[in-house]
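Nothing fancy with the numbering, it's 1 onward along the sequence. Note that these values count all heavy atoms, side chains included, but never hydrogens, waters or copies made by symmetry.
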Amino acid sequence: MGMPSSEARGGYAIILMALYWCTECMPLAVTALLPVILFPLMGIMGAGEVCVEYLKDTNMLFIGGLLVAIAVEHWNLHKRIALRVLLLVGVRPALLMIGFMIVSAFLSMWISNTATTAMMLPIAQAVLHQLNTTEAHADERELRAAGEDNLAFELDTKQCKKEVIDEKKPDTKSQMEDRERDNAEQVWDAETSLEGRRKAREQKYELLTKGMSLSICYSASIGGTATLTGTTPNLIMKGQIDKIFPDNGDVINFASWFGFAFPNMLLMLVLSWLWLQFLFMGFNLKKSFGCGVKSDRDKEAYAVMKAEYKKLGWMTFAEGAVLTIFILLVALWFTREPGFMDGWATALFSDKGEFVTDGTVAIFMCLFFFIIPSKLPSFDGYGYDEKGKTTENTSCKRVNAPPPLLKWEVVHERMPWHIILLLGGGFALAAGSEKSGLSMWLGESLTPLKSIPAYAISLLLCLLVATFTECSSNTATTTLFLPVLASMATAIKLHPLYVMLPCTVAASLAFMLPVATPPNAIAFSFGNLRVIDMVKAGFMLNLIGILSVNLGINTWGYAMFQMDTFPQWANVTHGKP
């Protein structure tokens, strides 16, 4: 406040918003509106310039992605997909865990990780409860069968003795007492064995419940990193790149992001499964994978999932229509500008393909949700009902057209409008940082990092971001860090994506604390977890995520984005007016 420079005023605005975002003393979306007040009052940007930043092309992409997610959830299509995959993988512990992780990761690529976790955890608990119940019944049956075998053996023994010993000879008092003592000991042994099995089973399923709960919430966060619309930080990354480097040639689009992030997501998912398997189940592969014939308890648990799937019935016309629109949208996203060849946008609209973006495609396809009816139309399904057709009474009840796949009331209720303001606040903050000269000043201050190897810079920054995101939302983390990282990369002549891409993924690696992200909080309440359980599992997963994303940026990402050269578009650090 004491420095009369525009850089200092820009820095004050960023520090104030960072403090408010970290402490959440005001709602995050309200804090995101502060640039509308601060930048004009400080003389950094005009109010009109600031307000324009709040609704960019990236916001349209975000809205389109959320409309698809709302449609999928509204028609319960995600539950059908989940149960279908789980029926394929089976109910053995290791296979069940990887099945839940695959489904959670896939769903969170398209819908929110919070919704995915909230849907998958009750399914997991129902399956585990059934496994526990069937195992208890199996133990009781085994002990009962063993007792009946012993009784039959005793009867055979007595019969043999009767052939040798005189049957009319009465038992002495001591013989009767010995027989009663033997029977009591057999009953005691059976009860002790049953109690021991019960305790072992409870301990086993307590660990299994913890591991399954954590695997679902972690895989939901990991899956969101695979697609551009999977989680908010990915869209912030695209928006910041387009804002800071306006001539980047659409270097980050749906296809290019997927090409880098999807293999990284698979790697993280497999390594996370191995770690959680080791931590909560051990490495008894034969027992976990269950080689051989299915037992009765496996069949009963499988029947529970099959019954849940049958409750959904046949796929309806609405579900099929939503699935068709979803598949077409993803296909159009991938083929718009695939990178290795000209896409349909370039062929149809312009040589450079700049007229159509991923946001255009998303909004166009989402329009069909409000046009296509939710039931298959029939020739006699509209107009008057049968009574109205046969009489001259025109006041008879009319047969209305079926509602569309989505109604605006449903969208209004489920759309997280505050995230749109958060995105806009991040773009406004980046614009103010650039206009005030703060970005350039920060970049020049970080030039000593030029002496450090590039891979070490990326690794250290990922550690910093992953630590920071445990205490702050991933949206706020990426909003604060990405403009600084872009300025630093420009100052030391490092490819901006070399640090911005891995740090964006690292912002989603909030695995250690229940309050770090909503999926963690949901799993914490469902799985009877302690904080130490989440810290122990999440610390290693944070390291796995950081190492895998740095491996990706130095291998296939290095080749995809030509990291060995400083791109021409990165020489321009000021956005277009």
Chi angles and distances behind the side chain to side chain contact (heavy atoms under 4.5 Å, CB included) call for Ile63, Met415: CA-CA 8 Å; Ile63 292 171; Met415 177 73 73; 4.1 Å; yes

From Ser548 atom OG to Met268 atom CE, the distance as rounded to the nearest 0.5 Å: 4.5 Å

Whether Phe254 and Trp333 hold their rings parallel, tilted or perpendicular, with breakpoints at 30° and 60°: parallel

Plane angle bin for Phe262 and Phe258 - parallel if under 30°, tilted between 30 and 60°, otherwise perpendicular: parallel

Which heavy atom of [X] sits nearest a heavy atom of [Y], and at what distance?
X	Y	value
Thr504	Pro233	CG2-O, 3.4 Å
Gly557	Phe260	CA-CD1, 3.8 Å
Leu551	Leu267	CD2-CD2, 3.9 Å
Met500	Ala486	SD-CB, 3.9 Å
Leu228	Asn234	O-CB, 3.4 Å

Criterion side-chain contact (heavy atoms from CB on, under 4.5 Å) against Phe369, the qualifying member of Ile70, Val410, Val68: Val68

List the atom pairs, donor and acceptor, that lie under 3.5 Å between side-chain atoms in residues 116-123 and the rest of the protein, sequence neighbours left out.
unit_1 : atom_1 : unit_2 : atom_2 : d
Thr116 : OG1    : Ser112 : O      : 3.0
Thr117 : OG1    : Asn113 : O      : 2.8

Any pair counted as ring-ring contact (aromatic ring centres under 6.0 Å, His included), so long as it reaches residues 217-237, sequence neighbours left out: Tyr218-Phe511

All side chain to side chain donor-acceptor pair (under 3.5 Å) counterparts of Asn550, not counting sequence neighbours: Ser458

Side chain to side chain contact (heavy atoms under 4.5 Å, CB included) between Trp257 and Leu235, intermediate numbers included: CA-CA 10 Å; Trp257 180 277; Leu235 289 166; over 6 Å; no

More than 12 heavy atoms of other groups within 6.0 Å of Tyr20 OH: no

Heavy atoms of other groups near Phe370 CZ, more than 12 under 6.0 Å: yes

Pair Ser256, Asn253: side-chain N/O donor-acceptor within cut-off below 3.5 Å: yes

